[in-house]
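Contents: one structure, followed by commentary.
Bear in mind the structure is a predicted one, so any value in this text is a computation, not a measurement. Just so you know, these numbers use all the heavy atoms, side chains as well, and skip hydrogens, waters and symmetry mates.
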Amino acid sequence: MKPGLILLLLLGTCALAPGQSGPCTQTRIQKGEMPVSEDAFSYMPAYGRPVVGNAGMDQANTKSFSDRTNIQRSWESDHHVVAAADGRMAYEYGTLRMSYDSKSDGHQEFEAAMLLVYKAKGHACQQVAMTMQ
């Protein structure tokens with residue numbers, strides 16, 4: 001093989017490696033919840049329609065989830081975080097097992113397929129999109 005082709009293959013492989021630097025690393029995302037960007041996009045069936053921005057999400061959450069208590073969340077074994085090598089973007093996906101109690105619905109348990117997208121804004125990693133089904 002030509003040395004240029006080998007170098008190209010090596011660089012391509014490194015670009016797909018988990019992020020080790022920058023704000024949006026696999027380790028940082030797995031440690032906890034990232035702040036939500038002011039212009040984030042979100043869609044959940046409970047919202048009824050897509051919502052943009054923190055204020056929109058706060059209103060939709062209050063309308064849809066205000067009577068929920070004892071909320072439990074845990075990722076299933078298919079949970080993955082994929083980060084760009086430079087740590088500027090990442091996404092998280094998998095199945096989230098959820099349960100809660102509410103006065104209107106009683107105790108509920110379900111699984112939701114989740115996709116969350118993160119982007120570096122300055123020196124912070126922020127959630128910029130989220131969807132579930």
Side-chain angles (χ1 to χ4, degrees):
M1 249 189 222
K2 294 183 178 183
L5 184 56
I6 293 172
L7 180 61
L8 182 62
L9 288 172
L10 183 60
L11 290 174
T13 303
C14 292
L16 297 175
Q20 299 299 314
S21 64
C24 297
T25 64
Q26 184 177 22
T27 303
R28 286 183 181 167
I29 291 168
Q30 287 176 332
K31 281 185 180 179
E33 294 182 22
M34 296 288 127
V36 178
S37 172
E38 287 296 322
D39 59 352
F41 170 89
S42 182
Y43 175 74
M44 289 192 260
Y47 289 170
R49 62 179 183 81
V51 177
V52 177
N54 277 335
M57 281 190 265
D58 288 343
Q59 288 175 336
N61 287 339
T62 299
K63 179 181 175 186
S64 300
F65 310 129
S66 62
D67 71 338
R68 293 183 181 182
T69 60
N70 194 28
I71 300 168
Q72 302 292 317
R73 298 177 184 98
S74 63
W75 287 105
E76 295 290 332
S77 62
D78 64 347
H79 176 238
H80 296 283
V81 175
V82 179
D86 64 1
R88 301 294 298 157
M89 288 196 76
Y91 62 95
E92 180 174 27
Y93 67 95
T95 305
L96 190 65
R97 174 164 289 287
M98 296 191 67
S99 66
Y100 65 88
D101 297 317
S102 78
K103 293 178 184 176
S104 60
D105 297 331
H107 183 75
Q108 299 291 315
E109 292 186 31
F110 61 94
E111 290 181 344
M114 302 290 295
L115 172 64
L116 298 101
V117 180
Y118 304 97
K119 183 177 178 184
K121 293 200 175 191
H123 296 290
C125 183
Q126 296 181 358
Q127 180 182 318
V128 295
M130 187 277 294
T131 188
M132 71 175 281
Q133 181 60 43

Revision key, fill the gap. OG of Ser74 to CD of Glu111, rounded to nearest 0.5 Å, is 9.0 Å
Point to revise | Distance, nearest 0.5 Å, that separates NZ of Lys63 from CG of Asp58 | key: 14.5 Å
Exercise for review: Check the surroundings of atom CD in Gln133: do more than 12 heavy atoms from other residues, nucleotides or ligands lie under 6.0 Å from it?
Suggested key: no
Review point. Which pair of heavy atoms, one from Ala83 and one from Ala90, lies closest together, and at what distance?
Key: CA-CB, 3.8 Å
Check your understanding: Just by distance, with hydrogens left out, do Lys119 and Ser37 show a side-chain donor and acceptor under 3.5 Å apart?
Key -> no
Review point. OH of Tyr91 to CE of Met114: how many Å apart, nearest 0.5 Å?
Key: 15.5 Å
Point to revise | Worked check of side-chain contact (heavy atoms from CB on, under 4.5 Å) between Met57 and Asn54 | key: CA-CA 5 Å; Met57 281 190 265; Asn54 277 335; 4.2 Å; yes
Review point. At their closest point, which heavy atom of Cys125 faces which heavy atom of Pro23, and how far apart are they?
Key: CB-O, 3.3 Å
Review point. Are the side chains of Lys121 and Val128 in touch, meaning some heavy atoms are under 4.5 Å apart?
Key: yes
Check your understanding: Do Asp78 side-chain atoms and Thr95 backbone N/O form a donor-acceptor pair below 3.5 Å?
Key -> yes
Check your understanding: Would a distance-only check, ignoring hydrogens and angles, find a side-chain to backbone donor-acceptor pair under 3.5 Å from Ser64 to Ala60?
Key -> yes
Exercise for review: Decide if atom NE2 of His107 counts as having more than 12 heavy atoms of other residues, nucleotides or ligands within a radius under 6.0 Å.
Suggested key: yes
Practice item. Write down the atom of Ser21, the atom of Ala85, and the distance for their closest heavy-atom approach. Key: OG-O, 3.9 Å
Exercise for review: Classify the side-chain pair Tyr47/Asn61 by whether it contains a donor and acceptor separated by less than 3.5 Å.
Suggested key: yes
Review point. Gln72 and Tyr100: side-chain donor and acceptor closer than 3.5 Å?
Key: no
Check your understanding: Do the side chains of Val51 and Phe65 join up, straight or via other hydrophobic residues, at under 4.5 Å, putting them in one cluster?
Key -> yes
**Study point:** Connected via hydrophobic side-chain network under 4.5 Å: Leu116 and Met132
**Key:** yes
Exercise for review: May I ask you to test the Met130-Met44 pair for a side-chain heavy-atom distance under 4.5 Å?
Suggested key: yes
Practice item. Might you point out which heavy atoms bring Arg88 and Gly122 nearest each other, and give the distance in Å? Key: NH1-O, 3.7 Å
**Study point:** Single-linkage hydrophobic cluster Tyr43~Val117, side-chain heavy atoms < 4.5 angstrom
**Key:** no
Review point. Of all residues at least two apart in sequence or in a different chain, which pass the side-chain contact (heavy atoms from CB on, under 4.5 Å) check with Pro35?
Key: Gln126
Practice item. May I have the step-by-step check of side-chain contact (heavy atoms from CB on, under 4.5 Å) for Arg97 and Glu109, ending in yes or no? Key: CA-CA 8 Å; Arg97 174 164 289 287; Glu109 292 186 31; 4.2 Å; yes
Check your understanding: Does one side chain, of Asp101 or Thr69, offer a donor that lies under 3.5 Å from an acceptor on the other?
Key -> no
**Study point:** Side-chain H-bond candidate by donor/acceptor type, Glu92 with His79, under 3.5 Å
**Key:** yes
Exercise for review: Say whether Ile71 and Val36 are linked into one hydrophobic cluster, either directly or through other cluster members, by side-chain heavy-atom distances under 4.5 angstrom.
Suggested key: yes
Practice item. Any chance you could measure Leu115, atom CG, to Tyr93, atom OH, to the nearest 0.5 Å? Key: 10.0 Å
Practice item. Locate the shortest heavy-atom distance separating Ala120 from Cys24; write the atom from each residue and the value. Key: N-SG, 3.5 Å
Exercise for review: Ignoring hydrogens and angles, tell me if any N or O in the side chain of Arg28 forms a donor-acceptor pair with the backbone of Gly22 under 3.5 Å.
Suggested key: yes
Exercise for review: Treating Ile, Leu, Val, Met, Phe, Trp and Tyr as nodes and any side-chain heavy-atom pair under 4.5 angstrom as an edge, say whether Met34 and Met89 lie in one connected cluster.
Suggested key: no
